[in-house]
Each structure stands twice: as C-alpha cells, then as structure tokens.
> 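One structure is given below, represented as structure tokens, and several questions about it will come after.
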Amino acid sequence: MFLADERLISLIFEYCRDRLVLDPVPLDYSRDKATLDRALDGAITAAGNDPDQVMDVFSRVLAPAVVSCDSPRFLAFIPAAPTKAALLFDMVVSCSSMQGTSWLEAAGAVAAENQALRVIADAAGLPPEAGGCFVSGGSAGNLSALMVARETGRHRLGDAAPGRLRIAVSDQAHSSISKALSVLGVDALVVPTHEHRLTGPDLQAALRADPQPGNVVGVVATAGTTNAGIVDDLDGVGQVARERGMWFHVDGAYGGAALFAPSARHRFAGIERVDSLVVDPHKWLFAPFDCASLLYRNPNLARAVHTQEASYLDVIHTDAPDEWNPSDYAYHLTRRARGLPLWFSMAVHGLDAYRDAIETGLSVAREAASLIAARPGLSLVRPPDLSIVLFRRDGWTEADYDGWSQRLLADQIGFVTPTKWEGETVARLAFLHPETSLEIVEEILATMA
Ligand SMILES: *Cc1c(COP(=O)(O)O)cnc(C)c1O
C-alpha cells in the first residue's frame with residue numbers, strides 16, 4: 001500500500017543533505033497564491049504520483065516560497081539558527097516515530113529530554129525538584145503554566161474565590177499571554193510600565209490602587225520582550241508575588257536563552273524565584289521548530305492540574321518514584337519527543353558552544369547599535385538590553401519603512417520588518433544567528449541613506 005523503496009529514501013536523504021550544506025542559505029521570499037496553486041494542481045490524486053515529481057514541485061516552487069528563518073540575513077520577528085546536529089537529530093526522531101508522551105512508552109526519550117530541561121533549570125537557578133516538559137511553543141507554554149497559576153490560586157482562595165480570577169500582566173506582555181488568559185477565562189490586571197519595563201514598585205502600585213487585589217492570583221513578567229528585548233525587574237516582581245502569595249510566571253520565550261550568556265546574566269536576577277518559566281529553544285537555543293521548554297518550581301502543582309483522567313490512561317499513572325509523564329505538565333497528551341534534538345546537540349557540542357553562540361548574537365547587537373548611533377541620519381531608540389535593536393531613520397514615515405523593508409527582501413539583502421515604538425514606526429533588527437555579521441548589518445544600513 002505505502003511503498004517506501006530505496007529510491008524514495010535516497011531522494012529524501014539527498015534533499016536533506018543538500019539543504020543542510022547550503023552555504024549561504026538563500027533568504028527567499030513568499031510567492032502569490034496563483035503560482036502556488038498552479039504548482040499544486042493535481043498533486044494529490046487517487047492513484048498517487050512519482051515521488052521525484054512531487055519532490056520537484058516542493059523543491060522548485062514550494063520551498064523557495066518560504067523565507068528561510070535560518071538565513072543570517074533574516075533579522076525580522078525572531079530568527080532561527082538550529083544547529084546541524086539538532087536538525088539531523090530531528091530526522092532521527094521523525095524516522096524513529098519517537099513519541100514522548102509517558103514514561104511507560106518513552107522512558108529513554110523522556111529521561112534525555114529531562115536532562116536538557118535540567119540544564120535550563122540550572123541556568124535559571126531552580127531547585128532540584130523543578131521540572132516540566134517541552135511543548136510546541138511559548139504560546140503553549142504560557143497557556144499551560146497560567147492554567148496551573150489559575151487553579152493554584154483558586155485552591156488557595158478556597159471558598160473566598162470569586163467567579164473570575166485575575167492575573168497581573170504588563171502592558172508590554174506578549175500577545176500570547178492575553179490570548180491564554182482569554183482561553184482560561186481569567187481577566188488581566190494590566191500594569192502600566194515606565195520605560196516599557198515592569199518593576200516590583202509598578203506591580204505594587206497597581207495592586208494598592210486596585211479595589212480587589214485579593215483576586216489577582218498571579219503575575220507574568222517578561223524576560224526579553226519580543227518587540228524590544230527588555231527584561232523586566234524579575235527580582236522586584238518576584239518579591240511582590242511572594243509577599244502576596246501570587247504565582248510568578250516568567251515568559252522568557254525569546255530572551256531566556258541569554259541566561260547562558262555571562263555578559264547578560266545580571267539582567268535576570270531574581271529569575272530563581274519563578275513558579276513557572278518558559279524558554280523557547282526553537283528561538284535562541286538553536287533547536288528546530290517546534291520546541292519550547294516549560295518548567296515549574298513545584299511540578300506536583302502542575303501534575304495536579306494537567307493529568308488527564310481517562311480509564312485507558314490509568315496504566316501510565318503508577319506510583320513508581322521515577323515515573324515522569326510529560327503529558328502531566330501541559331494541556332497536551334500525545335507529543336513528539338521534541339526536546340531530543342536539543343538534547344543531542346547540547347550533548348555533542350557542549351554548553352560552552354551554546355554560551356559562545358549566544359554571546360555572539362549579543363555582541364553583534366551591541367556593535368550594530370554603535371554603528372547606528374554613529375551614522376548620520378540614524379538614531380537608536382534605546383541601547384539594546386539583549387539582541388534586539390530598535391532605531392529610526394530621520395524623516396521617514398511608515399510608508400518609507402514599509403517600502404524599504406519590501407525592497408530589502410526583493411533584493412535578498414535582508415528580511416527586516418518595521419515595528420512600533422510609542423506609536424512611532426521604527427526599524428527593528430533581531431539578532432541571534434551566530435553567522436549574522438556586521439558586514440550584513442552595514443549592507444542593510446547602507447540602503448537607508
Ligand atoms: C515568541 C514569543 C512567544 C510565543 O512563542 P511561540 O513559540 O511563538 O508560541 C511568547 N512570548 C514571548 C516573549 C515571545 O518572544
């Protein structure tokens with residue numbers, strides 16, 4: 001029925017081999033729907049097609065219509081730069097149909113994933129009993145963690161719990177946080193920030209001014225805002241959370257990786273106080289999509305909330321002391337062992353290589369900021385905390401930035417998209433690819449003259 005012969009295997013492995021060694025990776029760009037539809041016409045039929053033909057459509061039309069986030073010229077949104085070791089091991093995970101749902105089925109995979117999670121927990125200074133699982137992304141991590149925050153708060157308030165609880169968030173929190181709260185039926189207490197950074201005093205002031213601070217059961221701080229790379233005052237916010245018995249969640253989806261960089265570690269002081277933490281290895285820890293780490297200080301609280309009760313699942317829940325079911329720590333059930341590529345790459349390259357690669361992104365960002373500050377006609381919005389640089393070109397309107405962004409992509413010089421800062425349209429560069437050089441930055445800046 002499903003014939004997979006040598007020819008099919010070679011076809012795919014050869015494609016993968018060629019893609020892995022592409023240097024440089026072309027940036028590419030999106031194509032119009034009519035072109036894609038024409039190429040896809042007749043691809044899925046009752047009888048099937050020759051794999052060569054199907055791969056031809058993929059490699060000639062579909063793949064080039066995807067901007068390569070692993071190009072060193074991709075500086076928009078959040079780039080990706082997975083290690084080859086991690087990409088290759090992702091193939092191993094796929095070819096082994098390796099899943100990572102429960103200890104009963106997948107102890108080997110889960111043990112290795114937990115070792116990688118422990119590395120992140122250690123970087124954050126979490127206690128030995130901390131743990132969690134890998135989920136598909138920061139959004140899934142934030143939702144799962146805040147579900148535990150809500151239930152833990154409800155439990156603590158007991159009969160005094162109101163119908164709807166609240167969680168404090170800053171006006172700079174990632175869009176996935178408000179989406180998670182809406183899914184959870186939790187209202188936000190939006191805390192205004194000064195200089196876009198949530199501090200302990202900001203949180204304290206908002207709670208003092210609030211008529212019902214008792215129903216605010218948690219707070220979310222961001223360790224590296226996606227727009228500007230700003231790390232909140234984790235120590236101050238964590239302290240207020242502890243005094244008031246609130247759950248302290250830190251969203252480090254983008255910035256958390258900088259925990260591994262000695263030059264930036266001081267910005268994360270207080271992160272060891274978290275009740276839950278999200279760091280996306282598919283962003284700045286050089287893992288393939290889709291991989292986010294979710295850690296809890298006290299995993300028992302998460303297990304009490306997330307364990308799925310179904311009679312066919314009873315067998316995966318025993319009282320065995322070393323049993324660890326990733327399905328018990330997030331809203332998911334079946335999951336691929338998506339932490340294994342990170343584990344393999346960390347094991348092969350060692351953590352010093354990770355530290356150096358992250359420091360490289362930070363230092364290119366600092367040097368790019370200096371170039372911008374020194375260049376007539378350009379000015380920095382603020383010095384970068386991490387690896388995101390916001391700057392303006394004197395006299396440019398939103399349309400100027402948009403046109404410039406489109407030309408850069410069309411000319412394959414870079415993928416750079418504008419953003420908003422206090423209502424003003426500005427340019428934004430997000431660094432993390434270790435091969436993004438200052439020459440590329442110079443080339444991009446030269447197009448703004
Ligand atoms: C990227 C990001 C998210 C969302 O993560 P996904 O992996 O895209 O789901 C959440 N928070 C922050 C701060 C982010 O940078």
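Both counts, for ligands and for their atoms, begin at 1 and track the order of listing.
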> Among all the protein's non-hydrogen atoms, which is closest to atom 6 (P) of ligand 1, and how far away is it?
Gly138 N, 3.2 Å

> Looking only at heavy atoms, what is the nearest atom pair of Glu359 and Ala261, with distance?
OE2-C, 3.3 Å

> Thinking salt bridges, do Glu443 and Arg73 make one under a 4.0 Å N-O criterion?
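Salt bridge flag = yes for Arg73 with Glu443.
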
> Considering Thr226, Val279, Val250, Asp280 one by one, which has a heavy atom nearer to atom 13 (C) of ligand 1 than any of the others?
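Heavy atom nearest to atom 13 (C) of ligand 1 belongs to Thr226.
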
> Under 4.0 Å from a heavy atom of Tyr254: which atoms of ligand 1 are those, numbered in the order shown and with their elements?
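Those atoms are 15 (O).
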
> Does Arg31 make a cation-pi contact with Tyr29, if we ask for NZ or CZ under 6.0 Å from the ring centre and within 45° of the axis?
yes

> Do Asp400 and Arg393 sit within salt-bridge range, that is, some charged N less than 4.0 Å from a carboxylate O?
no

> Just going by heavy-atom distances, which of His174, Lys179, His282 is nearest to atom 3 (C) of ligand 1?
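Going through His174, Lys179, His282 one by one, His174 has the nearest heavy atom to atom 3 (C) of ligand 1.
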
> Go through the side-chain N and O atoms of Asp202 and Thr193 and say whether any donor and acceptor fall under 3.5 Å apart.
no

> Any heavy atom of Ser176 closer to ligand 1 than 4.0 angstrom?
yes

> Find all atoms of ligand 1 within a distance of less than 4.0 Å from any non-hydrogen atom belonging to Ala253, and give their numbers and elements.
2 (C), 3 (C), 10 (C), 11 (N), 12 (C), 14 (C)

> Parallel, tilted or perpendicular: which fits the ring planes of Phe77 and Phe415, with parallel below 30° and perpendicular above 60°?
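Geometry flag for Phe415 against Phe77: perpendicular rings.
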
> In the protein, what heavy atom is nearest to atom 2 (C) of ligand 1, and what distance, to one decimal place, separates them?
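Answer for atom 2 (C) of ligand 1: Lys283 NZ, 2.3 Å.
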
> Is there a heavy atom in Ile78 that sits closer than 4.0 Å to ligand 1?
no

> Looking at atom 11 (N) of ligand 1, what's its closest protein heavy atom, distance included?
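Protein heavy atom with the smallest distance to atom 11 (N) of ligand 1: Asp251 OD2, 2.6 Å.
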
> Can you name the closest pair of heavy atoms from Asp385 and Arg267 and give their distance?
O-NE, 3.0 Å

> Consider every N or O of Ser139 and every N or O of ligand 1, then say whether any pair is closer than 3.5 Å.
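Yes, at least one N or O pair falls under 3.5 Å.
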
> So which bit of Asn142 gets within less than 4.0 Å of ligand 1, heavy atoms only: side chain, backbone, both or neither?
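Side chain only.
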
> Please report whether ligand 1 has a polar contact with Gly224, defined as an N or O pair separated by less than 3.5 Å (distance criterion only).
no

> May I ask you to check whether Trp343 and Glu113 show a side-chain donor-acceptor distance below 3.5 Å?
no

